[in-house]
Amino acid sequence: MDSAEQAALSESDPESATSKAHPSAFYDARRINEYQSDGRLAEGSRQMLLRHMRRFEGYPVNISLSSVLLPAGVSLDDPETQSAIKWSSHLDPLFANNIERDSALSWQYFGSSTGFLRRFPGTAWPPETSYGSKEINDFRSEDWFIQAASSPKDVIILLDSSGSMSGKEYQLAVATASAILDTLGDDDFFNLISFSDQSRVIVPCFQDKMVRATPDNVKEVKTAINAVECENTANFSAALETAFELLRKYNQSSQGSQCNQAIMLITDGPSDTFMEVIKHYNHPHMPVRIFTYLIGTDKSGGKNLYKMACENKGFFVQINSPEEAKKKVVEYALVMARPMVLYQADHPVHWSPVFMGGRSGILGRESENRRKLVTTVSTPVFDRRNHSTRAANLLGVVGTDVPIEEIQKMIPQHKLGVNGYAFIVDNNGRVLYHPDLRPLSDNDQYSATLKHKYNSVDLTEVELPEVDNPSNTINERHDQRYANTLQELRNEMVMQKEGENELTVLTHLDSMKRVSLRFQKYFYGAIDGTPFSLGIALPDSYGVHELNAQQEIRHSHINVTEHFKGNNWKVHPDWVYCEYNSLKDADGNGEGTEESTYRDKDESFDTPEEQVLHFLARVGRPGWKWMSVRPRSPQPHHGHGGIPVGHYAQHHFNSQGSRKAEPYYCDRTLVQSLVRDAIVTDGLDRTPSHPSRKEDRSMFSVKTTFVATRSGLLRWIDHLPHSEDSSEPHFSETNARAMDMSWYKRAVDLYATEPEGFVFSVPFNSGYSGKNSSTLVTASHAIFIDHRGHKAPAAVVGLQFLHESLFKHFINITSKCTASTTCKKNCASDELDCYLLDDNGFVILSERSEHTASHICISQGKLTNCHSSGCERPFSVQKIPNSNLILLVVDVLCPCGSKQLDIDPQEVVGGAGACGVRRMAKEKMLRKRPGKCISYHPEEIEIKQCGTATSLFHASLYSTIATFIVIWVLASA
């Protein structure tokens, strides 16, 4: 940011001849590497050396140069644009240095107020393999730009809905209001009032309120404005009074943003300036800015709107098309930035909501098509140049994308253990990341136009506490939920307090098909220098202890890679065992020497296993050092401390200092734990088996046995060959993230009640008929290590075998009586149906194989098939020892009851819409205002730029002259 301002200052005055010269030394992303049919570079195109890099979504990039992207309507002929492109090219060395210092950074950019985007590293647009258009979305309305450019604000939009606004004028006014709404963020408050002879808040439950500019609230207002009918005449005085009164109420009662306040007036032109009303509320200090938007080509009312804006620290624009609306509404943010620019001292740092970015940079085939979640960190760039007239210009905003997967590396999953997780919450209670954050699809709009689809999800929407009394009414249950411990936890995290709590929550697996209760401990604390708090959730029964078993390898006399032979092992692809921090680094033979060979580490490894073996080979070499501290990024104006949550304090987001990152990072604990686990599990396929075990494998047609350890190691043995022609992937291809898999998590949970138990499961929708089936049963068992009465999970072992073989044994066993007993009925009887169910009610086995994996509901002593007629029958249940299974026997001769269980989703009364119970309760939730508000500078009144009025005055003059000519002609006649 300082470098950007200095670069602009070093250039000549924008009015000079030098700055007006067309910049020649920049790369237009639309014209990079365009070739003619004869192979020659096309006219106007420039050549840029590019290479594909996983770190940048796999696109071909140049890590020394940036490229310039242009939204629609931005012209390279504009002198201001030319000047900004020229001086901003000096940012390239800074950008290159940043990615060398901080391996967490992704794309960096400078968004100019003139409309172009300088993006680093350089790449063509649209990139190779992308179907995007030549032009990008206008970034100036994006959260990362607009919120960094201005402090939080309370905004009231006054929308003229009088009769003169009907038709195209009103549609243009709606487009203008929508464009303004699109610029608001979660730190802002707003309302929209339509007015003709009377003023009306268009969303009824927003009456007399300023509401947070959440995506839900903005969507409600956008929907409501389309239903407004234009009629009668406009009462501007009443509308202005309503807006001023509401803003005054919120300012004096310490509600809202407590920062900027503004009225946005959208109209086809008033007949007066209404200065008496405005002076009564807004003079002499002008706490409320007035921005005016003239709709349509009629300029008769423009002079009054211009005066209203100029005399109230606002800005006037005329809107003639929806495209113009999107471009011109951004001017208000540049005006609100003036106090910040005049002070020159503070450059507030803004973190955007999370959005769906490009392809993940994680190694492995299973991550190839996975998209990553991203947040953007941005800060404003001020103009320090001297101008002939008093000005306070915002040059633009600099920012960088930070992938959430890079942030997650700071809190390693292996330290949290199975079923433990970390999450981050901002000052509004909004989740930056959480394992249950499932963002909606953006329909690839980011890949096509760089348009972000931000997600705004509150912590209370992803942490679901147990409801004590299900018989309560909807409202009572809702009130109870928001008065419980979860709300207390959320409030303390929002206020960035340090603490701990306990809570029983509903957890789910397998795309929410399985739900269970878990008692968890929560630990949380502030991340200094940011608006975030870090939370950690650990299962109470086993999450507070971890197994610490490592193998010292630096001074080992054995080659540890010998324990990683073959191709029947994988490591967790999301975990960082070792990685290079910079894009260039000395190769494996260069440690301790003056010569170094540079290569692109991003292209060195195709799989995480290859990366692990590379570093394990380096460990035994002379000069090896464990680099187990993450690189620290420079952060001007902010001292960043650690995360005050127990032993996680060593992991930082950022810290003061500007040293270059170490060449590589290795998690010593994780690597040595991995080696220890590899030694213990090595040779399992070579260990002689007891004859009875071989017989069991044959009897149940065991296909695969496996072990997955707490260090992320997965080993397996194939007892039956996997056909290359099979449509089903191999076990290892879908289970490399072993600790995240349902069979692993459920096995560890079962240990508390069944220490010797196995968890059995079958794939969903795997019912079949006929003699042949490839459906597999997965059985898994958790292994815990006991040390002085404290137990911790170490691994999960398991096997997969053919469902068909288990089905045959089930029929044989349940269709006859045992030798020692006599029975009148068995499962072969016509009177009984028998099922083997798992702990979530899914059918593992039944007499009809097509029922496999279907769901059965048990309620009040009667059985209901959830997916058929809903017929109820009496039943009996017996627990199967050492498993998660029950035997269910149903009397089919009893008559069916008439009740049918409906599992279709039902709309909750009062739950939907802006005025629903849940939405209104969210409005009352605690939030913490950003730490800085810069909304006033005494010298701002000296700035006279407040819109383009020349054409309006010319139009008025021409109209006056024409009138005199007509009168003169008539008089002469």
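A salt bridge is defined here as a Lys NZ or Arg NE, NH1 or NH2 lying under 4.0 Å from an Asp or Glu carboxylate O, and D458 with K922 fails to meet this definition. Ion pairing of D442 with R371 is present here, as a side-chain N (NZ or NE/NH1/NH2) and a carboxylate O approach within less than 4.0 Å.
Applying the salt bridge (charged side-chain N to carboxylate O under 4.0 Å, His left out) test to D188 and every residue at least two apart in sequence or in another chain returns K153. Listed by chain and residue number, N548, Q672 satisfy the side-chain hydrogen bond (donor to acceptor under 3.5 Å, both in side chains) test with Q550 (two or more places apart in sequence, or in another chain). Under the side-chain hydrogen bond (donor to acceptor under 3.5 Å, both in side chains) criterion, N455 pairs with no residue at all, not counting sequence neighbours. Under the salt bridge (charged side-chain N to carboxylate O under 4.0 Å, His left out) criterion, E923 pairs with no residue at all, not counting sequence neighbours. Partners of A549 by side chain to side chain contact (heavy atoms under 4.5 Å, CB included), not counting sequence neighbours, listed by chain and number: L547, R676, R710. Judged as a side-chain hydrogen bond (donor to acceptor under 3.5 Å, both in side chains), and not counting sequence neighbours, the contacts of E754 are K879. Remark: S151 engages no residue in a side-chain hydrogen bond (donor to acceptor under 3.5 Å, both in side chains) (not counting sequence neighbours). Residues meeting the side chain to side chain contact (heavy atoms under 4.5 Å, CB included) test with K209, sequence neighbours left out: V211, Y250, M920. In this structure, the side chain to side chain contact (heavy atoms under 4.5 Å, CB included) partners of L440, at least two apart in sequence or on a different chain, are K453. With sequence neighbours excluded, the residues satisfying salt bridge (charged side-chain N to carboxylate O under 4.0 Å, His left out) with D186 are R212, R430. D839 pairs by the salt bridge (charged side-chain N to carboxylate O under 4.0 Å, His left out) definition with R746, not counting sequence neighbours. Under the side chain to side chain contact (heavy atoms under 4.5 Å, CB included) criterion, P755 pairs with Y751, not counting sequence neighbours.
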(request) Show the numbers, then the answer: is there a side chain to side chain contact (heavy atoms under 4.5 Å, CB included) between S533 and K928? (result) CA-CA 12 Å; S533 288; K928 182 182 179 182; over 6 Å; no
(request) Please test S378 against T376 for side chain to side chain donor-acceptor pair (under 3.5 Å), starting from the C-alpha separation and ending with a verdict. (result) CA-CA 6 Å; S378 55; T376 301; over 6 Å; no
(request) Would you please test E492 and Y524 for side chain to side chain donor-acceptor pair (under 3.5 Å) and show each step? (result) CA-CA 9 Å; E492 296 215 325; Y524 48 88; 2.5 Å; yes
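Rounded to the nearest 0.5 angstrom, D510 CG and W743 CH2 are separated by 12.5 Å.
In this structure, H572 has its ring center at least 6.0 angstrom away from the ring center of Y577.
Both tests pass for K513 against the ring of F764: distance under 6.0 Å to the centre and angle within 45° of the axis.
Side-chain atoms of N419 and Y542 form a donor-acceptor pair, as typed in the model, at a separation below 3.5 Å.
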